[in-house]
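Written below as structure tokens is the structure these notes are about.
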Amino acid sequence: MNEIPKAYEPQSVEDKWYAFWLEHGCFTADPARVTEQRPAYSIVIPPPNVTGVLHMGHVLNNTIQDILARKARMDGKEVLWLPGTDHAGIATESMVAKQLSKEEKKSKRDIGREEFLKRVWTWKEKHGGIIIAQLKKLGCSCDWTRERFTMDPEYVRNVQRVFVDLYKKGLIYRGKRMVNWCPATQTALSDEEVEMKPQKGFMYHFKVEVAESPLTPALSPAAGERENRRPSLGKTGGVENAVSPTSLSPLPLGGGEGQGEGEARLAGPLADSEGRIWLTIATTRPETIPGDTAVAVNPKDPRYAHLIGKHIVRPLPSELPREQKLIPIIGDEHVDFEFGTGVLKVTPAHDKADFDIGQRHKLPVVDIMNPNGTMNPLAGRPLDGLDRFKARKVAVELLREQGALVEEKPYENNIGFSQRADVPIEPRLSEQWFLKYPAVEPSKACVEQSDDPEGRVTRVPKLAGGSQGLAELGLPRNKIMRFHPHRWAKVYDHWLTNIQDWCISRQLWWGHRIPVWYFPLSNKKAFTLGNVIDETNVARVNGKHCYTTSLSGLPGHETNFDITMSLAGGWDQRILFAATESKKEASILEGNGFTQDPDVLDTWFSSWLWPFATMGWPEPTETLKKFYPTTDLVTAPEIIFFWVARMIMAGYEYMGELPFRNVYFTGIVRDKQGRKMSKSLGNSPDPLELIAKYGADAIRFGTMRSAPLGQDVMFDEKDVELGRNFCNKLWNACRFRQMQSSAGVSPAPGSEQEESRRDACPTFEVQGEINPSLLTSDDKWILLKLNDAIREISDALATYNFSTAAQALYRFFWNEYCDWYVEASKAVLFSGSRGDEAQTDESETSPSLPTSAATEARKANTVAVIDFVLSHTLRLFHPFLPFITEELWHGMGYSTDMPEQQGGRTIMNAPWPKPFDQEFRDAYSLDECYLGFANDKYEVVTQGRNLRRVGNIPAGKKVKFVLQPSRPILPHDAEVIRILLNAEAIEINESFAARQGTPTAHTPLGELFLPLEGLIDVTAEKARLTKKMEEYQAELTKVAQKLANPNFTQKVPPQVLQEHQQRLADWQEKLVSVKAALEALDS
RNA sequence: GGGCGCUUAGCUCAGUUGGUUAGAGCGACUCGUUUACACCGAGUAGGUCGCAGGUUCGAAUCCUGCAGCGCCCA
């Protein structure tokens, strides 16, 4: 560390140490090293998308994981931080598809499945390493020898194994249902991938004729009520025509009366002059009218009940003859008669609720759309081929032309959007694979629901079969998982309580292809498949859920020889399904005319296995034995359902145990204005640029300092700047220490550099290095402050309060160590190097000055204290600032005397500082009273600086202060005050007679004067003192009033009472002092 | 509609079980290049703790209601 640069230059340091760590295998976990004394600690990384790039969310998330991992290493644990990437089905596939269309103007179908997948792999090879390299830049201490990818061959096998297993258990099934269909990516999505967003649109009211009208003469329109026009809609003047030429009148039924003005006109059947009855229907999706197969009313609705069983004439498609457009009016209790007009159009093919109504009433399902969101021929001639949104406009026009459109008004409602493609999803009837979640009960029970950190009160899960609690579930206390912040536990519990089956198939190519093969049963060949499946077996399949057998029959050939078959039927044809994870059996199937399901699995169906599938499962590997369950999981709350909940279920189902003990949910990183970081807003800074500009440590520290537990993070580049400044401060504080050593402040004459370092390096046998008898009050103060900091930071980290820890580090180091201690230490370090004039004045009242040899010993002792503090501080900082601390650890020589594996090679393995034990405190007389004394001393300094201000004396100008002590002051302490005040001298004078008008301050150590030669601005000083006096008076009054209240004095605890009495005395004293000063000015 | 969170200095946030003058960083302003650091030091200003009630000797803190913002679920 010769010729240390004045400013810290991270660029020259970071790569060097990262390479060093890798070279020495510092991140590599070895299960063989795990013992009782060296417990395991593990985290699995939330695998970033393989082709993704680092964003601020990753920085936040991975910095936290790295802090946890590095802290655990320093605690002497065997640490596994297992990294990897996710194949990210839709994201990656659409990225490659986009590129294909851009560069070659081709769709994936143009080049075919095989070729397309080849392109994706190429893309993956090219971009897949980027984010990993970026994590390394950030300093992440992952065990890269264990990097995994969700499409690694073993991982693929695991996914298939799990699929087949769940299939055999009857938990995976194929079903034709309403799913969330994304017309952009043309695949089904799970409920979790749908995001509800408010959407501005229109509510259209249109009228339909009741086919059986006129019903009865009684329903003819009442006389004189013909003028019942809708209000004109201005530019959509066509509406006016819509109700002409036949004006409608409300029928004299009770229903519509409670409605609002506008709705009243629309609700209830209307009759025209010819006695025909019309119903008005409200909809936001008129383009789906051709798919309507009924209209529904609530059977309890008096306005419409009598119409149930009749028919209406569906207005679209226009070209169809009336008799082909008659659809029934049905009664269904689920119709909300408050909503719209109380008449609901039922489109079973294009709405989830309508589909359910359709099922109840056995309505036909008319699908009028293509998978890409365009209309098909069933929608009618003008709509056919149009995009659904274009079709909506056209449909409105058609209604208008027919005179059926009654009203059109702006309307906002919540629409489901495809999270990935950001287009409205289309509810669509489709055949997909579904999973009924396994292990739901233990997954629910294992998460601590009480807010008590001790876990004393745990929710007793309600289980079927009379189970009473965790014991019945095999969940002892240590099998409980905690969420941080705790409130997410409730969200998790709620989701699990209302859990719906998971649609796991995706109509994509990139991903885990579903390990199921089909065979249409009309083909007799299947019955003799491999001499194993014959007609007898198929007969057994028929009517049962499944039948299991081995096709290949070769022992040990594959890990699983089972084949599960089931008979599906009822919709299109009867199909034989065969699920197998065995390649051998798959090829037999294919050789016999079976074809594999073209779909792939939802990406999360592979990531939910991540904690164990990355550790060698299903083999009982050493890694699994030692590192599963993992200790902590750090992730974003956005994926609590996608990932966290599912991992817990998979953990129970396949490992019989929870996958992690703690889950830490980070906040969302937002910009200064509180907006979410997003590509389209362009408000997301590139972390790599920030690292290049400020250093990785800076971005880590800045992010951590401003990321409170469970709150969103408002990101501001200023935070990174602060991190950079902090590193620089640390750097320079160490530089200062080095300068003392090189300036010859070593203990004994003739000592070598190395020796002085060793002397100074206090890490282990500290007692021998620092001479307790030479400790100053400042030394003891900083040691006690260090002790507080150790405790505070350790506690904060143990409770995942990273910002608290970072702020404590900042405060301790910058405020307490640099601003006070280092400055105070100069009193010792610089003594003798410049005249001791300051102390000559006080020689009468103070003990005699130390001899020169004694001075040297004291300097050495101060350096020893500095080394002690710095070597501890570097370790406290290391999880946050890995690079600079490693650089300084070596540069300062603190590594030299440490055992190889405990800090000698790298600070990574240096032991985490522990709060001082009693023995240590006794040895160094670290009594809390020194905190008080040093604080008083620093208060004198603050007051003195204040006086300078009053005298308008520049901070740089040397002046003389006088202290009239209220207690004995040692020469050292006087010198500290002098240095900190940047004073020419400080005179300790018990009988100082201040000249009239001398600025004075009342301090805990006595009256402090700043004698000036008549330069003082009397008016300003008066103002200052008056302000102070008023302040003291106000406080005094407040306390006095409290103490005068018998209610207070009688009820309050004695300790509080005493405190208040003390306070009263203090204020009184101050007040007297300030009053005296004011009087002195006046006279 | 249900649930959760937030509201304290110009900004971002601390404030533990109620108990001194409600703290910090940034920003602003003033002064200063004093031999670690201008990526610095010293100092100053700035808050009726969202609003209204209540409990209490005492409320930023506990309770109730209201308002605003945000998120999740339906």
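The sequence lines fix the lettering, A, B, ..., with proteins before strands; numbering per chain opens at 1.
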No-H, no-angle donor-acceptor pair, Lys6(A) side chain to rC37(B) base, under 3.5 Å: no

Output field: ring centroids Phe802(A)/Tyr664(A) closer than 6.0 Å: yes

rA14(B) versus rA52(B) - spacing of their P atoms, nearest Å: 24 Å

Separation between the P atoms of rU7(B) and rC63(B), rounded to whole Å: 15 Å

Exercise: do Asp778(A) and Tyr938(A) side chains pair donor with acceptor under 3.5 Å: yes

Spacing of CG belonging to Leu888(A) relative to OG1 belonging to Thr873(A), to within rounding of 0.5 Å: 11.0 Å

Separation of rC72(B) P from Ile499(A) CD1 (nearest whole Å): 19 Å

Rounded distance in Å - CG (Asn1047(A)) to P (rG19(B)): 19 Å

Separation between the P atoms of rU35(B) and rU48(B), rounded to whole Å: 42 Å

Residue Gln500(A) excluded, over 12 heavy atoms near CD under 6.0 Å: no

Euclidean distance, atom CG of residue Asn414(A) to atom C1' of rA74(B) [Å, nearest integer]: 10 Å

So which protein N/O to nucleotides 21-24 of chain B N/O distances come out below 3.5 Å?
| residue | atom | partner | partner atom | Å |
| --- | --- | --- | --- | --- |
| rU21(B) | OP1 | Glu1035(A) | OE1 | 2.5 |
| rU21(B) | O5' | Glu1035(A) | OE1 | 3.4 |
| rU21(B) | O4' | Glu1035(A) | OE2 | 3.2 |
| rU21(B) | O4 | Lys1070(A) | NZ | 3.1 |

Touch class at under 4.0 angstrom, heavy-atom based, for Cys727(A) against every strand present: nothing

Nearest-angstrom distance, P atom, rA22(B) to rG50(B): 15 Å

Pairwise C1' distance, rC69(B) and rC29(B) [rounded to whole Å]: 32 Å

N or O in side chain of Arg945(A) less than 4.0 angstrom from rG43(B) OP1/OP2: yes

Under 3.5 Å side-chain donor-acceptor pair for Gln943(A) and Glu939(A): yes

Below 4.0 Å: OP1/OP2 of rG5(B) and any side-chain N or O of Trp488(A): no

Under-3.5 Å donor-acceptor pair between Arg735(A) side chain and rC37(B) base: no

Side-chain N,O (Lys490(A)) to OP1/OP2 (rC4(B)) below 4.0 Å: yes

Tyr8(A) and Arg724(A) side chains, donor-acceptor separation under 3.5 Å: no

Nucleotide rG25(B), atom P - distance to CG of Asp719(A) in whole Å: 14 Å

Side-chain heavy-atom pair Trp820(A), Leu980(A) within 4.5 angstrom cut-off: yes

Sugar-phosphate, base or nothing in reach of Pro1053(A), heavy atoms under 4.0 Å: base

Side chain of Asn732(A) - closest among rA36(B), rG19(B), rC26(B): rA36(B)

Side-chain N or O of Asn946(A) closer than 4.0 Å to phosphate OP1/OP2 of rU44(B): yes

Residue-phosphate contact under 4.0 Å: Asn1045(A) side-chain N/O, rG58(B) OP1/OP2: no

Nearest-angstrom distance from the residue atom CZ of Phe642(A) to P of rC72(B): 11 Å

Bracket notation of RNA chain B in which parentheses pair within the strand, [ ] cross earlier pairs, and | pairs with another strand (Watson-Crick or G-U, under 3.5 Å): (((((((..((((.....[...)))).(((((.......))))).....(((((..]....)))))))))))).

N or O in side chain of Lys729(A) less than 4.0 angstrom from rG41(B) OP1/OP2: yes

Lys/Arg cation over aromatic Phe736(A): Lys826(A), 6.0 Å, 45° cone: yes

Gln1058(A), CD: over 12 other non-hydrogen atoms inside 6.0 angstrom: no

Interatomic distance at P, rA59(B) relative to rG53(B), whole Å: 14 Å

Asp936(A) vs Val940(A) side-chain heavy atoms within contact, under 4.5 Å: no

RNA chain B: 5'-proximal contact among Tyr8(A) and Trp820(A) (nearest heavy atom): Tyr8(A)

d(NE2, His494(A); P, rA74(B)) in whole Å: 8 Å

Rounded distance in Å between the P positions of rG19(B) and rU12(B): 26 Å

Pair Asn1045(A), Gln1041(A): side-chain N/O donor-acceptor within cut-off below 3.5 Å: no

Atom-pair distance (CD on Gln1058(A); C1' on rU20(B)), nearest Å: 14 Å

Atom-to-atom span, CE of Met739(A) to C1' of rA36(B) - whole angstrom: 6 Å

Side-chain donor/acceptor of Glu823(A) to base of rA36(B), under 3.5 Å: yes

Side-chain donor-acceptor pair present, Asn815(A), Tyr810(A), cut-off under 3.5 Å: no

Span that lies between the P atom of rC49(B) and that of rG23(B), in whole angstrom: 14 Å

